[in-house]
Amino acid sequence: MEQRFYIPEVETLHRSVDARKVFADADHFAQLANTPVYPVHLLYAVLLHEDDGIQAVCDNLSIDRHRLQEVASREVIWRDDSSPGAKKAKARWN
């Protein structure tokens, strides 16, 4: 079988202290909801993190960071997986 691309020797990825905190926060939000960590947990943790780079990206893409944070918080904190709509959505995913 012909190899289509070259995979260099695998190196260990080292996260910064800030990155570790963001991932730990995302894990904490998921634990509170008793769910696996979903991308929305990570998004919410990133948006809560004070970082000029995050604000610069939001500004560059004309994203209202505070509005996105509000929406993410509703999904992370206030989501009720026992609602009929949530069950219907889960059924479609399975």
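This chain uses plain numbering: 1 for the first residue, then up along the sequence. Since we're looking at a predicted model, the values are computed, not measured. Scope of the values below: all heavy atoms of this structure, side chains included, with no hydrogens, waters or symmetry mates.
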request  = Find out if a path of hydrophobic residues (ILVMFWY) with successive side-chain heavy-atom gaps under 4.5 Å connects Leu47 to Val57.
outcome  = yes
key: Option passing side chain to side chain contact (heavy atoms under 4.5 Å, CB included) with Val46 (candidates Ile54, Asp51, Asp25)   = Ile54
request  = To the nearest 0.5 angstrom, please state how far the CG atom of Leu68 sits from the CG atom of Leu61.
outcome  = 10.5 Å
task = Give the minimum heavy-atom separation between Val76 and Ala33, together with the two atoms involved.
result = O-CB, 4.5 Å
remark   = CG (Leu48) and OG (Ser73) are apart, to the nearest 0.5 Å, by 8.5 Å
key: Closest approach of Ala26 to Ala45 (non-hydrogen atoms, all atoms of both residues)   = N-CB, 3.8 Å
ask   = Can you list the steps and then say if Asp59 with Gln55 is a side-chain contact (heavy atoms from CB on, under 4.5 Å)?
value = CA-CA 6 Å; Asp59 291 345; Gln55 189 59 51; 2.9 Å; yes
key: More than 12 heavy atoms of other groups within 6.0 Å of His28 NE2   = no
message = Using side-chain heavy atoms (C-beta onward) and a distance below 4.5 Å, is Gln31 in contact with Asp27?
response = yes
inquiry  = Distance check, rounded to the nearest 0.5 Å: Thr35 atom OG1 versus Phe29 atom CZ?
reply    = 12.0 Å
remark   = Looking only at heavy atoms, the pair that brings Ala30 and Pro36 closest together is CB-O, 3.6 Å
task = Starting at CD of Glu70, measure out to CG of Asp64 and round the result to the nearest 0.5 Å.
result = 7.5 Å
request  = Look at the side-chain heavy atoms of Ile, Leu, Val, Met, Phe, Trp and Tyr, link any pair under 4.5 Å apart, and say whether Val40 and Tyr44 land in one connected group.
outcome  = yes
Spatial distance of atom CD (Gln69) from atom CZ (Arg65) [nearest 0.5 Å] = 6.5 Å
